[in-house]
Amino acid sequence: MQIKSQINKIIEESFKAINITPKNTQVSDATKPEFGDYQYNGAMALAKELKQNPREIAIKLANELEKSELFEKVDVAGPGFINFTLSSNFLSKNIVKSLDSRAGVAVKEDPIKVVVDYSSPNMAKQMHVGHLRSTIIGDTLANLFEFLGDEVIRQNHIGDWGTQFGMLIAYFEENQKDIDAKLSDLEEFYKAAKKRFDISEEFAKKAREYVVKLQSGDEKCLQLWSAFIDKSLQHCQEIYDKLGVKLDKSCVKGESSYNDDLKSIVSELETKGVAKESQGAKCIFFEGSNNPLIIQKQDGGYLYATTDLAAIKYRVEKLGAKRVCYVVDARQSEHFKQVFEAARLAGFVDESILLEHIAFGMMLDKNGKPFKTRDGGTVKLIDLIEEAIKRAREVISRADDYTQEELEKIAQVVGIGSLKYADLSINRQSNYIFDWDKMLSLDGNTALYMQYAYARINSILNRAGKFETREPKLSDELERRLALKVLTLEDTLLKAYKEAMPHIITNYLYELATLFMKFYENNPILKEGVDEETKISRLNLAKATANAIKVSLNILGIEVLERI
RNA sequence: GCACUCGUAGCUCAGCUGGAUAGAGCAUCUGAUUGCGGUUCAGAAGGCCACAGGUUCGAAUCCUGUCGAGUGUACCA
């Protein structure tokens with residue numbers, strides 16, 4: 001349920017009742033729990049405008065606000081802060097509603113069509129750590145949008161076109177071998193080809209010729225190329241499956257698929273006067289910037305900017321997207337800024353369509369240096385995943401007497417979950433320091449802490465057996481706060497939605513789990529001496545908490561375990 | 001050179017549509033719990049929010065400048 005918007009509405013109405021039209025009617029979270037649940041600070045800003053005492057305005061407004069049944073208390077404090085405390089009755093009533101499979105979160109009233117472009121591996125190489133953030137953040141955003149009711153189209157804009165494939169084909173021709181055998185380690189194959197390319201002028205020339213042949217549709221080249229792609233996609237799919245990322249073949253729409261549109265895109269941009277020739281290349285210039293966006297090279301070749309423009313056109317015109325999210329490395333900010341601007345100049349998109357570069361920082365090691373293997377190579381994503389699972393296995397196997405099968409399942413869920421959570425819990429815009437120990441710690445804002453909290457609640461519920469679904473009686477401040485936190489899930493998701501920031505959800509989860517741990521420590525549920533009424537009340541609250549944790553984690557693409 | 005991002009506790013990070021005494025976790029110190037599930041909970045200590053100005057009743061948050069870090073900057077993707 002949405003709480004803030006309900007309060008905002010009441011504020012608006014209350015202002016109407018006292019004949020004031022304010023600029024801002026938004027409540028914010030209370031800065032301290034002692035103040036209440038929410039606060040409104042608008043009275044101070046209004047005071048100057050109306051030439052009235054802020055406190056008087058606040059009191060007048062508070063008198064109106066008090067009439068609402070939503071609040072137990074409306075206080076005016078200091079120079080004119082208005083503090084709201086929600087009624088416990090309101091909280092308990094809604095806790096019951098949050099026991100459903102959506103944890104009480106409504107579907108958006110105005111669903112839109114959204115394209116999320118993420119992962120986008122290069123088909124000539126294996127996936128490496130650089131692809132992790134895009135894949136995880138993108139998948140989470142897609143899950144979130146979907147959960148809230150948008151129609152989500154996941155697009156994997158794979159790098160399956162360009163010079164590198166000429167290189168691969170040339171190298172393959174040179175070393176005629178069985179394609180499966182050769183491609184079993186694509187990485188090695190690519191490296192070998194690249195080496196040849198750098199050393200031999202003759203080989204490089206041949207590679208370029210193959211690019212031209214490929215792009216003009218040479219049968220044999222296409223066949224080889226498509227075998228490369230198939231093989232490479234298989235590798236990617238293994239990783240997606242392992243990560244539990246919802247990408248598959250149907251999401252693949254690679255660079256090559258726009259090949260046939262590029263020519264007409266360029267001529268359309270020229271006709272519209274958006275693109276001009278400069279130094280032999282076709283460029284789009286922008287006001288206040290010296291760097292143009294080049295869409296066609298001197299030699300007539302197209303660039304990735306051209307492909308991106310074709311992709312925008314496709315997504316908006318063919319797919320009908322109203323919001324397009326590009327989950328790509330922050331280093332490409334300028335590129336996307338230019339591409340988006342160009343798309344607007346060309347009239348491919350109007351103001352109603354939101355084009356967003358969901359930028360994220362790099363993964364760094366403990367010393368703040370780019371994350372590499374010991375000998376300075378790129379870390380293969382598959383190795384990173386295996387390592388996460390291995391480490392998770394070590395952490396949990398200290399704990400209990402699992403069967404081999406259980407241990408494997410738990411190691412998978414915890415390892416993958418931790419890897420994802422560590423990434424998602426940090427503001428995506430900044431670089432992030434990758435730390436195995438912190439990632440798999442049970443303390444602090446980690447996946448294990450959440451999964452453990454969930455399993456713990458689950459254990460209590462199992463021990464309790466069947467019990468009645470009932471509005472919990474919130475008997476103390478801790479229970480109130482926990483209940484309120486459970487109910488703010490929807491507000492949290494909407495904020496994360498608007499800003500495309502997964503860490504807003506993890507912050508919420510951490511607060512929720514922490515509150516639960518406190519509640520659990522202080523308010524026994526199944527211990528002797530707890531009366532039946534209180535027990536059932538607390539069981540309901542615990543169940544609602546578990547539900548909110550589960551729903552949130554699932555949006556993050558993290559599984560919960562009934563037992564750890 | 002120019003552009004973008006960033007600078008908050010020893011470390012890793014929240015907070016940034018301006019609000020009350022700037023919050024967590026780790027590490028450090030102290031206490032509770034003989035265990036509804038062990039890896040739990042409570043408390044202490046730790047801050048010129050890079051620096052200097054400005055706007056404002058009010059600035060970590062907005063603006064300008066300086067310093068420092070990272071990234072990008074014409075035919076790779």
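Proteins come first, then strands; the chains are lettered A, B, ... in the order of their sequence lines, and each starts at number 1.
Contacts of Tyr449(A) with the nucleic acid, taken as non-hydrogen atoms under 4.0 Å apart, involve only primed sugar atoms and P, OP1 or OP2. Base contact: Ala455(A) has a heavy atom under 4.0 Å from a base atom. Note on Ala359(A): nothing from the nucleic acid sits closer than 4.0 angstrom, heavy atoms only. Using a 4.0 Å heavy-atom criterion, one finds that Asn522(A) contacts no nucleic acid atom at all. Residue-level contact check: Tyr302(A) touches the backbone only, with heavy atoms under 4.0 Å from sugar-phosphate atoms and none from bases. Contact annotation for Glu528(A): no contact, since no heavy-atom pair falls under 4.0 Å across all strands. Note on Lys337(A): nothing from the nucleic acid sits closer than 4.0 angstrom, heavy atoms only. At a threshold of 4.0 angstrom between heavy atoms, the contacts of Ala281(A) include nucleobase atoms, whether or not backbone atoms are also involved. Using a 4.0 Å heavy-atom distance criterion, His335(A) is classed as making no nucleic acid contact. Residue Asn445(A) is out of contact with every strand shown, counting any heavy-atom pair closer than 4.0 Å. Residue Ala45(A) is classed as a base contact, given a heavy-atom separation below 4.0 Å to a base. Contacts of Tyr452(A) with the nucleic acid, taken as non-hydrogen atoms under 4.0 Å apart, include base atoms.
Within the 4.0 Å cut-off from OP1 or OP2 of rG37(B), at least one side-chain nitrogen or oxygen of Arg463(A) is found. Between Lys438(A) and rG25(B) there is no side-chain N or O to OP1 or OP2 distance below 4.0 Å. Between rG15(B) and His503(A), a contact under 4.0 Å exists linking OP1 or OP2 to a side-chain N or O.
Listed nucleotides: rC41(B), rA20(B), rG23(B). Nearest to the side chain of Lys32(A): rG23(B). The side chain of Gln279(A) sits closest to rA74(B) out of rA74(B), rG19(B), rU39(B). Relative to the side chain of Tyr304(A), the nucleotides rU12(B), rA14(B), rA77(B) differ in distance, and rA77(B) lies closest. The side chain of Asp443(A) sits closest to rG25(B) out of rU12(B), rG25(B), rG37(B). Nearest nucleotide to the side chain of Asn431(A), out of rG70(B), rG72(B), rU12(B): rG70(B). With distances taken from any side-chain atom of Met362(A) to the nucleotides rU71(B), rC57(B), rC6(B), the minimum falls on rU71(B). Looking at the side chain of Met517(A), the nearest of the listed nucleotides rU40(B), rG72(B), rG19(B) is rU40(B). Listed nucleotides rA20(B), rU12(B), rU73(B) differ in distance to Asn291(A); the shortest reach to its side chain belongs to rU73(B). When distances are taken from the side chain of Glu521(A) to each of rC57(B), rU40(B), rA14(B), the shortest belongs to rU40(B). Counting only heavy atoms from C-beta on, Ile426(A) has its side chain closest to rA14(B) among rG19(B), rA14(B), rA77(B).
Nucleotide rC62(B) has rG54(B) as its partner under the Watson-Crick or G-U criteria, with both atom distances under 3.5 Å. Within the shown strands, nothing qualifies as a pairing partner of rA9(B) under the Watson-Crick or G-U definition with both distances less than 3.5 Å. Shown here, rG35(B) forms no base pair; nothing in the strands shown gives a Watson-Crick or G-U wobble contact with both key distances under 3.5 Å. In a base pair of the Watson-Crick type (N1 to N3 plus N6-O4 or O6-N4) or a G-U wobble (N1-O2 and O6-N3), with each distance short of 3.5 Å, rA20(B) is matched with no nucleotide. In this structure, rG46(B) makes no Watson-Crick or G-U wobble pair, since no nucleotide meets both defining distances under 3.5 angstrom. In this entry rC4(B) has rG70(B) as its Watson-Crick or G-U wobble partner, both defining distances falling under 3.5 Å.
A distance of 12.5 Å separates CD of Glu356(A) from CG of Asp117(A), quoted to the nearest 0.5 Å. In this structure, the separation between OG1 on Thr307(A) and CG on Leu262(A) is 5.0 Å, given to the nearest 0.5 Å. The structure places CD1 of Ile82(A) at 9.0 Å from CG of Asn41(A), a figure rounded to the nearest 0.5 Å. To the nearest 0.5 Å, atoms NZ (Lys337(A)) and CG (Leu293(A)) are separated by 12.5 Å.
Contact check for Asp443(A) versus Tyr449(A): no side-chain heavy atoms found under the 4.5 Å cut-off. At least one side-chain heavy atom of Ile158(A) sits less than 4.5 Å from a side-chain heavy atom of Pro121(A).
Between the side chain of Asn83(A) and the base of rA20(B), at least one donor-acceptor pair of N or O atoms lies under 3.5 Å. A donor-acceptor contact under 3.5 Å links the side chain of Gln39(A) to the base of rA20(B). Within 3.5 Å, no donor on the side chain of Ser289(A) pairs with an acceptor on the base of rA3(B), nor the reverse.
rC16(B) and rG1(B) are spaced 34 Å apart, taking the P atom of each and rounding to whole Å. When the P atom is compared between rU17(B) and rG53(B), the two are found 25 Å apart, to the nearest whole Å. The same atom, C1', is picked in rU8(B) and in rA60(B); the two are 7 Å apart, to the nearest Å.
When the nearest nucleotides of RNA chain B are assigned to Thr31(A) and Gln26(A) by heavy-atom distance, the more 5′-ward of the two goes with Gln26(A). Map Ser278(A) and Arg456(A) each onto its nearest nucleotide of RNA chain B; the residue landing nearer the 5' end is Arg456(A).
In this structure a side-chain-to-backbone donor-acceptor pair under 3.5 Å is missing from Trp225(A) to Trp161(A). At distances below 3.5 Å, at least one donor-acceptor pair connects side-chain atoms of Gln298(A) with backbone N or O atoms of Gln279(A).
Atom OH in Tyr510(A) sits about 15 Å away from atom P in rC13(B), given to the nearest Å.
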